[in-house]
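In this text, all values refer to a predicted model and were calculated from it rather than measured experimentally. The figures here come from the full heavy-atom set of this structure, side chains too, leaving out hydrogens, waters and symmetry mates. Whatever order the structure lists them in is the order used to number ligands and atoms, beginning at 1.
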Amino acid sequence: LRMSIGAIRDDRGHIVGVLGIIRDITQEREAQRLKDELLTTTAHELRTPITTIRGLTQILLRGIEQGNVFSQAELTKRLQTIQRETDRLARLGAELTDATRLQTGSLSLHRRHEDLCTILEELVEIQRDALDFHGLWSLELRNSEVPLPVWIDRSRLEQAVNHLLENARKYSPEGGLILIETKRQGDAAQIAISDTGIGIPEQELSKMFTPFFRASNASSRHFSGVGLGLYLCQSILQAHEGSITVTSREGKGSTFLLTLPCEVQLHGESET
Ligand code: ADP
């Protein structure tokens, strides 16, 4: 709590009263802490990809200047690394933009009436190729038998589900199964995303959706990331009056459960 005290004076400057204002600054502090952390983490996370990209481009440029001929394999490997690191930077940039929008309350939704089952069917079709499973992980969708009418911003919801799928792969050894199940539960539509990965230590489960949190078994050396993704997923679900929870057993796997309000019936092409 922060307290400010001021004197109230009359026309002639005599003190006629005292005004005290007590303000709860917990939220302001939290916002400031987030901003500080955002800066420190960003500066740190930028360093590695920039160093790598700079180093590799120097090698390539110097080589060309000195008349070196790189083999196809050498060139490909170096360019692939540059591409991977550039993707990493782009992703960090996008996450930071969203986090800032959340902080300033300007994350706006463009909601439409949609069927969740159709959205997931299309999403899984695309992600099967996009996520580079190379046949090493399998992705299975068990869709609800009844339609799941929801009023959502499709691209934001896809962003959340895609992030959870990426995590499921990232934190699972090869050969893992990633399962997506959708169902109706009373007034709610649910999406459960399960993996057979490294899991999360029980005592850390409650901190999973805190910005910048990274579990102790996901050492940054092994798995890149800054710990903003789940925070963004939670914010997206909350903006839809929904929620996200996690259950997990370390070494066995994790399940993320997304809950959204379900509408009574499917709407036509209408937009709101
Ligand atoms: P990051 O970019 O670090 O992956 P997230 O916000 O997506 O950020 O996740 C925060 C942390 O939660 C991760 O660092 C990891 O420790 C843990 N985590 C997220 N998803 C999983 C998962 N499917 N299995 C195990 N741990 C996970």
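Below 4.0 Å from some heavy atom of Leu228 lie the following atoms of ligand 1, by number and element: 6 (O), 8 (O). Below 4.0 Å from some heavy atom of Ala218 lie the following atoms of ligand 1, by number and element: 15 (C), 16 (O).
For Lys170, the heavy-atom gap to ligand 1 drops under 4.0 angstrom. The closest approach between any non-hydrogen atom of His163 and ligand 1 is below 4.0 Å. Distances from ligand 1 to the non-hydrogen atoms of Phe256 include at least one value under 4.0 Å. Within the 4.0 Å heavy-atom cutoff, Gly227 counts among the residues contacting ligand 1.
Applying the side chain to side chain contact (heavy atoms under 4.5 Å, CB included) test between Leu257 and each of Ile193, Thr245, Ile191 identifies Thr245 as the sole match.
The main-chain N or O of Asp195 is never found under 3.5 Å from a side-chain atom of Ser172 such that the two would form a donor-acceptor pair. One N or O on the side chain of Asn162 and one on the backbone of Glu158 form a donor-acceptor pair closer than 3.5 Å.
Looking from atom 10 (C) of ligand 1 to the surrounding protein, the closest heavy atom is Phe213 O, 3.3 Å. Nearest to atom 6 (O) of ligand 1 among the protein's heavy atoms is Leu230 N, 2.7 Å. The protein heavy atom nearest to atom 19 (C) of ligand 1 is Asn167 ND2, 3.5 Å. For atom 12 (O) of ligand 1, the closest non-hydrogen atom on the protein side is Met208 CE, 3.2 Å. Scanning all protein heavy atoms for the shortest distance to atom 4 (O) of ligand 1 gives Tyr171 OH, 2.8 Å. In this structure, the protein non-hydrogen atom closest to atom 3 (O) of ligand 1 is Arg214 NE, 2.8 Å. For atom 16 (O) of ligand 1, the closest heavy atom belonging to the protein is Ala215 N, 2.8 Å.
Checking only distances, Tyr231 never comes within under 3.5 Å of ligand 1, N or O to N or O. Annotation: Gly229 places an N or O atom under 3.5 Å from an N or O atom of ligand 1; distance criterion only. Polar contact check, Ile200 against ligand 1: no nitrogen or oxygen pair lies under 3.5 Å apart.
Residue contacts with ligand 1 for Asp195 involve side-chain atoms from C-beta outward but no N, CA, C or O (heavy atoms, distance under 4.0 Å).
In this structure, Trp151 and His113 have parallel ring planes: the angle between them is below the 30° cut-off, well short of the 60° mark.
For the pair Glu95 and Arg88, the salt-bridge criterion is not met [side-chain N within less than 4.0 Å of a carboxylate O]. Checked for salt-bridge contact, Glu85 and Arg54 miss the test: no charged N lies under 4.0 Å from a carboxylate O. Taking a cutoff of 4.0 Å between a charged side-chain nitrogen and a carboxylate oxygen, Asp98 and Arg156 qualify as a salt bridge. A salt bridge does not link Arg184 to Glu145: none of the charged nitrogens lies less than 4.0 Å from a carboxylate oxygen.
Nearest heavy atoms, Asp153 versus Ser108: OD2-O, 4.1 Å.
Between the CD1 atom in Ile244 and the OG1 atom in Thr259 there is a gap of 9.0 Å [rounded to 0.5 Å].
Glu204 and Asn217 share no side-chain donor-acceptor pair at under 3.5 Å.
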